[in-house]
Amino acid sequence: MAATQLVDRFGRVIDYVRISVTDRCDFRCVYCMDEEMTFLPRAEILSLEEIYRVANAFTQLGVKKIRLTGGEPLIRRDVLSLVQRLGALKGLQELALTTNGSQLGEMAGELRRANVSRLNISLDTLQADRFTQLTRTGKLNQVLRGIEAAQKAGFKRTKINAVILKGRNDDEVLDLVDFARAQHLDLSFIEEMPLGVISEHNRAEAYCSSDELREMIEERYALLPLSDNTGGPSRYYRMQDSEIRIGFISPHSHNFCGDCNRVRLTVEGRLLLCLGNEHSVDLKALLRGGITDTDLQAEIVRAMNIKPERHYFNNAEPPQILRFMNMTGG
Ligand code: SAM
Ligand code: SF4
């Protein structure tokens with residue numbers, strides 16, 4: 001294989017892969033999962049060895065950044081052994097992790113030592129009772145302890161992710177900003193996406209646009225746009241009197257598909273070319289059919305030809321995408 005860069009039909013270079021290591025989670029966030037969820041049988045999800053082979057193939061093809069996500073990645077048994085192997089991959093510049101923070105109290109130090117460079121921690125509210133309502137099973141204190149452990153372990157530029165829902169936590173936008181400023185954490189607000197059918201709220205009614213949230217913040221703090229581009233649907237701002245960055249992840253209201261630099265590996269081994277479409281290649285079948293590493297790389301190169309140009313999300317319509325976020329990895 002001569003290719004050292006993945007390029008799709010629209011000339012976009014793909015150098016970032018998000019990997020969902022499990023569909024399971026210790027929380028049941030109202031926008032992500034239904035209260036009663038059926039998870040995949042173990043045989044249907046990629047083994048840690050299979051995930052490693054795919055990650056290795058991607059780094060051979062020029063991928064510089066891998067993010068582990070889920071479900072809750074830190075509740076998969078032996079996940080640290082995978083993290084340690086990925087952290088040693090040649091050519092990988094950034095190994096990041098998105099987590100709900102529940103296990104960080106115990107695991108932050110080991111993750112840091114395994115070369116995880118960045119953490120995103122989800123936190124939608126600072127009120128304990130509301131936290132348990134939004135996550136259905138989570139405890140705020142445990143996550144706050146996790147955040148503290150991450151800071152102590154030496155993680156830099158840790159980012160809080162918050163999904164804001166009208167009538168549930170939209171009154172906490174400024175509290176979250178002040179928390180992030182006090183704790184020296186970056187903070188991103190994510191627009192809710194119509195992934196999977198949920199029962200607890202109407203996504204159209206709960207929808208808060210990034211523009212609304214930005215206006216709320218600008219009533220107290222000036223936001224100065226940054227030119228950083230992560231190749232995703234995010235835009236970042238800084239403040240005059242703080243080093244933290246505030247981001248807005250706007251898959252609905254702003255479309256940045258033209259800059260997309262990423263693909264995803266779902267928990268059952270589908271290489272998913274776009275979060276908002278179903279174009280995918282079944283890598284699990286290839287792996288279990290005995291494919292060689294060289295042919296695996298060739299299949300990944302070929303998959304770039306079906307990466308869609310863009311996605312369309314509309315919370316007012318029945319979801320087009322029936323998979324939940326925990327399958328895909330947010
Ligand atoms: N369990 C980990 C966590 O919560 O950070 C990682 C997986 S979770 C699916 C990744 C991110 O997706 C979280 O920040 C979560 O808030 C976000 N998320 C889940 N469902 C979403 C949805 N329907 N729309 C927008 N963001 C969503
Ligand atoms: Fe679990 Fe993360 Fe989904 Fe919440 S958002 S249910 S923590 S996977």
Side-chain angles (χ1 to χ4, degrees), residues 18-37 39-40 67-76 79 96-104 107 111 116 118-125 131-140 142-143 146-147 150 158-166 168-169 176 185-204 206-210 213 232-234 247-253 262 264-267 272 275-276 311 313-315 319-330:
R18 291 192 179 200
I19 300 179
S20 176
V21 299
T22 177
D23 58 337
R24 288 163 200 260
C25 187
D26 47 345
F27 294 179
R28 295 281 182 281
C29 301
V30 293
Y31 45 77
C32 178
M33 292 194 186
D34 233 345
E35 195 154 13
E36 298 300 323
M37 292 287 291
F39 295 107
L40 291 168
R67 174 175 298 282
L68 300 181
T69 175
E72 175 46 45
L74 297 183
I75 66 163
R76 176 146 185 190
V79 72
L97 184 90
T98 302
T99 171
N100 65 22
S102 69
Q103 310 303 310
L104 281 178
M107 296 177 76
L111 292 168
V116 173
R118 291 276 306 276
L119 294 177
N120 285 357
I121 306 174
S122 299
L123 179 69
D124 305 323
T125 172
F131 187 89
T132 300
Q133 283 160 17
L134 284 171
T135 60
R136 294 198 184 100
T137 56
K139 298 259 183 307
L140 176 65
Q142 195 181 349
V143 172
I147 294 173
T158 296
K159 183 157 75 82
I160 299 297
N161 279 340
V163 175
I164 302 295
L165 303 177
K166 205 156 271 173
R168 294 203 74 152
N169 61 346
L176 286 164
L185 296 160
D186 290 340
L187 170 63
S188 279
F189 293 102
I190 311 178
E191 289 179 352
E192 189 185 15
M193 286 174 268
L195 299 177
V197 179
I198 53 164
S199 55
E200 205 177 291
H201 62 266
N202 178 321
R203 292 203 201 260
Y207 174 68
C208 277
S209 75
S210 293
L213 302 181
S234 331
F248 298 92
I249 305 181
S250 321
H252 286 276
S253 56
R262 63 196 61 186
R264 293 173 159 83
L265 181 65
T266 73
V267 67
L272 187 68
L275 182 61
H311 67 256
F313 280 141
N314 183 353
N315 274 1
Q320 309 291 308
I321 305 291
L322 295 177
R323 73 185 127 74
F324 283 95
M325 192 71 147
N326 65 311
M327 306 286 293
T328 315

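All heavy atoms count here, side chains included; hydrogens, waters and symmetry mates do not. Atoms within each ligand, like the ligands themselves, are counted from 1 in listed order.
By the salt bridge (Lys or Arg N to Asp or Glu O under 4.0 Å) test, R168 pairs with E200, sequence neighbours left out. Contacts of K139 classified as salt bridge (Lys or Arg N to Asp or Glu O under 4.0 Å), with partners at least two apart in sequence or in another chain: none.
The main-chain N or O of G70 is never found under 3.5 Å from a side-chain atom of R76 such that the two would form a donor-acceptor pair. When atom types are taken as modelled, the side chain of D23 and the backbone of L40 share a donor-acceptor pair closer than 3.5 angstrom. Checking side-chain atoms of D186 against main-chain N and O of N120 turns up no donor-acceptor pair under 3.5 Å.
Y207 and E192 form no side-chain donor-acceptor contact under 3.5 Å, judged by distance and modelled atom types alone. A donor atom on one side chain and an acceptor atom on the other are found under 3.5 Å apart for E72 and T99.
Only the side chain of C25 comes within contact range of ligand 2, with a heavy atom under 4.0 Å; no backbone atom does. If you look at T98 next to ligand 1, the close heavy atoms, those under 4.0 Å, come from the backbone and the side chain alike.
Near E72, the atoms of ligand 1 lying under 4.0 angstrom from a non-hydrogen atom of the residue are 1 (N), 2 (C). Atoms of ligand 1 lying under 4.0 Å from any heavy atom of G70, numbered from 1 in the order shown and given with element: 7 (C), 9 (C). Atoms of ligand 2 lying under 4.0 Å from at least one heavy atom of G71, given by number and element, are 8 (S). For ligand 2, the atoms sitting less than 4.0 Å from at least one non-hydrogen atom of C29 are 4 (Fe), 5 (S), 6 (S), 7 (S), numbered in the order shown with element in parentheses. Listed by number with element, the atoms of ligand 1 under 4.0 angstrom from any heavy atom of N161 are 14 (O). Each of the atoms 16 (O), 26 (N) of ligand 1 lies under 4.0 Å from some heavy atom of V163.
Considering backbone and side-chain N/O atoms, T99 comes within less than 3.5 Å of an N/O atom of ligand 1. Residue-to-ligand polar distances keep D124 apart from ligand 1: every N/O pair is separated by 3.5 Å or more. Note: no N/O pair closer than 3.5 Å links T69 and ligand 1 by distance alone. In terms of polar-atom proximity, I190 is not counted as a contact of ligand 1, lacking any N or O under 3.5 Å from an N or O of the ligand.
Distances from ligand 1 to the non-hydrogen atoms of E191 include at least one value under 4.0 Å.
The only option from L185, L119, V143 that meets the side chain to side chain contact (heavy atoms under 4.5 Å, CB included) definition with I160 turns out to be L185.
Contact record, S102 with F27: CB-CZ, 3.9 Å, taken as the closest heavy-atom pair.
The closest heavy-atom contact to atom 6 (C) of ligand 1, among the options C32, G71, S122, comes from G71.
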